[in-house]
Amino acid sequence: MSRGGSSSGRRSHLSDLAVLTRSRTLRRALASLVAVSALLPAFGWDWPLAPPRVAATFGTFAKGRVITGLALASDESPVRAADDGELSFSAEEGNSPSGLPMALGTFIVLEHPKSMAAAYSHLAPGSASTSLRKVKSGEIIGKSGGSGWIEGNGILFQVLDRRAGTWVNPLLVLPPLEDDKPPVIRSLALSRADKVFVVGSSPSIPQGTYVISADVTEPVDSAWPSVPLAPFGIRLSIDGVEAARDSFDVARCSGGKIIFFGRPGVDADELRTKEGRYALAERLFTRGRTAIEVGVEDERGNKRASTWTFVVE
Amino acid sequence: MEDTGKKRFAAAGIVAAGIVYFLACATPLPKELVLVPSWARSLAQAPSAPGAREAAGALAPIPFRLGDRYGYFTQDGTVLFSAAQSYGVALAEDAFAPYERLSEGFSILSPEGQVQAKAAIVGYPFFAAGRRFVIAPDQASVSELASSGQATWTYHFPSIVTTFDASPSVAAFGLVDGGIVGLDKAGKAVLDFAPGGSRIAGVYGVAISPDGQLVAAVTGLDKQRLVVMEKRATAYRVAYHRYLSSDFRRVIYMGFTSDGRHLEYESPSGIGVYDRDTRQETIVPVPTGYKLGLTARAGRLLAILSGDGTESRLVCAELPDRRVLDVAFQAKQAFVDTRGDAIFLGADDILERMDLRER
């Protein structure tokens with residue numbers, strides 16, 4: 001992934017999806033996504049690290065947690081304010097006065113226009129410009145450095161919509177990446193209890209209720225330890241009928257759980273099977289032949305789809 | 001003649017009033033308080049790992065952290081060990097847990113070095129009020145561990161956790177988005193409140209009284225605000241609030257005394273003290289130009305340690321605001337704790353005990 005391109009392709013692509021979708025819930029979800037997308041020109045944000053090298057995307061599961069931001073790989077580079085802003089919080093790696101360890105290492109939070117805040121985390125220890133108050137877009141606010149719990153060198157960039165109380169996928173407010181590689185679909189699996197059937201490896205499966213899960217990932221060129229990175233959207237169709245759609249656009253927390261809007265009521269902990277696949281839906285399969293299609297897309301609108309046909313006995 | 005009589009009468013009245021005042025209203029001068037050195041120990045001579053020495057007596061050993069070294073000592077001056085931390089360590093009176101930067105699990109050990117539990121969980125441990133917590137790498141999720149080391153609950157917060165305090169019954173967390181969330185022993189939210197009134201929301205300090213009845217926080221920017229909430233029936237309600245002159249954009253020191261009566265919080269001019277019973281505030285002045293480092297608040301003493309990197313300063317006060325000691329000393333790393341009238345001071349590689357005496 002590298003910098004460049006425009007966001008118009010993404011918006012028209014999302015509008016097309018909204019028109020084509022028959023489900024009212026999905027239409028609502030997509031409509032909100034289109035609304036978010038339509039606001040994009042209002043955000044004159046720039047990348048906090050240049051050139052941007054995406055190491056983990058919004059919604060990626062890594063080491064038991066879901067990433068609600070964008071991890072950017074870098075070696076000791078200047079970190080810049082993504083937009084005009086004001087420092088509202090800073091912390092240094094180590095234990096804070098309250099005794100709370102700073103897992104984000106050295107980090108600062110800037111208040112940006114339109115009730116948006118951004119956290120710039122895992123900065124080099126001692127590099128955060130904590131004496132700053134007002135900052136200009138592009139002003140250096142620290143150095144990337146891998147402080148705190150982060151696997152590679154770089155920073156975690158998170159965007160918080162204060163008014164809506166949601167984490168926003170930073171790719172929605174940053175300049176689009178020049179990216180023509182669609183996400184990768186590696187496998188489809190059906191599981192129940194402790195039994196996992198990887199579709200394609202066995203000619204048939206017994207009838208019953210299964211969790212349908214897909215192993216998908218976004219290809220990136222970072223040198224970080226590899227975890228499957230979340231694409232921007234995943235879609236599941238069973239026998240031609242759309243059964244699920246997850247969009248990693250925004251996430252919110254409710255009742256102590258992270259919820260991705262793409263699938264209301266499903267928290268992030270339930271979005272992933274223990275084998276690491278995205279759990280898309282639970283369905284009863286009866287005897288006969290079934291076709292399952294999984295479609296994935298990235299935020300630039302690059303799409304890929306795979307179809308599996310199998311026999312239920 | 002008549003005038004002279006009146007004057008005599010007036011003079012006698014004044015003298016009588018003076019006598020009555022001295023008898024009824026006079027208070028004795030406060031006794032002078034002095035610190036008497038008790039013992040000093042060099043950490044260079046202490047074992048570098050736990051297990052070599054055991055704590056004698058019924059009193060729990062006291063944990064210390066001095067720069068990148070940590071360990072335990074007893075009130076009578078036995079240093080159990082002084083170890084170098086590789087990345088971090090969770091420290092409490094009854095247990096400690098060293099951890100790596102990319103921690104995916106850790107052992108919880110007694111001060112004598114016996115393994116109490118092993119936890120297989122990603123994140124950094126932190127201990128308070130006899131409870132064991134782990135914060136996830138995103139700093140927005142917290143788990144509490146059972147004595148076995150297994151997570152009993154995990155709570156995902158809507159934004160980054162900035163600060164924290166715990167009582168045996170409730171743990172309070174402050175968030176970047178200005179929210180204060182209190183969780184009970186089962187991980188259920190018993191408090192979810194966002195004080196408004198400021199241009200920018202945020203929580204810079206949070207404290208909970210040992211009985212869990214009071215939660216206090218310093219919140220917001222422009223203007224910053226002190227909010228004290230009290231549990232009434234089943235819900236917390238704002239019992240006191242005041243706008244502050246401070247503009248902290250980092251975590252501040254904040255906590256209740258062990259008896260729960262006083263709240264102390266960092267302010268630009270020193271330590272603010274809020275009295276729960278009278279709802280009055282006082283200030284213990286700390287010299288300006290110093291970075292506040294650590295406060296200890298056991299017994300009747302409030303010990304405040306500050307420093308600028310080369311010189312440290314210890315200010316001791318009797319609550320609410322009687323300053324009894326103000327001393328500067330050369331130390332890059334310093335530590336302070338109190339137990340009753342004893343002050344334990346660490347300076348680089350020396351630990352020392354001093355006792356407060358009246359003279």
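Per chain, numbering begins at 1; letters A, B, ... match sequence-line order.
A:P101 approaches B:P125 most closely through the heavy-atom pair CG-O, 3.5 Å. Closest of all the heavy-atom pairs between A:S98 and B:F164 is CB-O, 3.3 Å. Taking each heavy atom of A:L104 and B:Q139 in turn, the nearest pair found is N-OE1, 2.9 Å. Nearest heavy atom pair, residue B:A136 against residue A:A103, reads O-CB, 3.3 Å. B:Y124 and A:G148 make their closest contact through OH-C, 3.3 Å (heavy atoms, listed as atom of the first residue, atom of the second, distance). Nearest heavy atoms, B:I160 versus A:A119: CD1-CB, 3.6 Å.
To the nearest 0.5 angstrom, B:F173 atom CZ is 8.0 Å from A:L100 atom CG. For the atom pair CD of B:E104 and CH2 of A:W149, the computed distance is 5.0 Å after rounding to the nearest 0.5 Å. Atoms CG and CZ, from B:L221 and A:F89 in turn, are 10.5 Å apart once rounded to the nearest 0.5 Å. One finds the OG1 atom of A:T68 at 6.0 Å from the CG atom of B:D138 (value rounded to the nearest 0.5 Å).
In this structure, the portions of B:V161 lying under 4.5 Å from any heavy atom of chain A include both its backbone and its side chain. With a 4.5 Å cut-off on non-hydrogen atoms, B:T162 touches chain A through its backbone and its side chain both. For chain A, the nearby parts of B:A201 are the backbone and the side chain; heavy atoms of each come within less than 4.5 Å. For a residue to count as touching a neighbouring chain, one of its non-hydrogen atoms must lie under 4.5 Å from one of that chain's; by this rule B:I252 touches chain A with the backbone only. Residue contact with chain A, scored on non-hydrogen atoms closer than 4.5 Å, involves the backbone and the side chain of B:D247 alike. Using a 4.5 Å cut-off between heavy atoms, B:L102 touches chain A through backbone and side chain atoms alike.
Using a 4.5 Å heavy-atom cutoff, the side chains of B:R101 and A:I150 are in contact. Looking only at side-chain heavy atoms (C-beta outward), A:M102 and B:I135 stay at 4.5 Å or farther from each other. Within the 4.5 Å cutoff, the side chain of A:R162 has heavy atoms near those of the B:V176 side chain.
For A:E86, the salt bridge (charged side-chain N to carboxylate O under 4.0 Å, His left out) test picks out A:K134, B:R199, B:R249, with sequence neighbours left out.
With B:R250 contributing its side chain and A:S96 its backbone, the two residues share no donor-acceptor pair below 3.5 Å.
Contact count versus chain A (heavy atoms, under 4.5 Å) is highest, among B:A90, B:G174, B:S159, for B:S159. Per-residue counts of heavy-atom pairs under 4.5 Å with chain B were compared for A:E93, A:E92, A:H122; the largest is that of A:E93. In terms of heavy-atom pairs under 4.5 Å with chain B, the best-connected choice from A:A91, A:S147, A:S88 is A:S88. Top candidate by heavy-atom pairs under 4.5 Å with chain A, chosen from B:Y204, B:F127, B:F157, B:F248, is B:Y204.
Surrounding CD of A:E275 are more than 12 heavy atoms belonging to other residues, nucleotides or ligands, all under 6.0 Å away.
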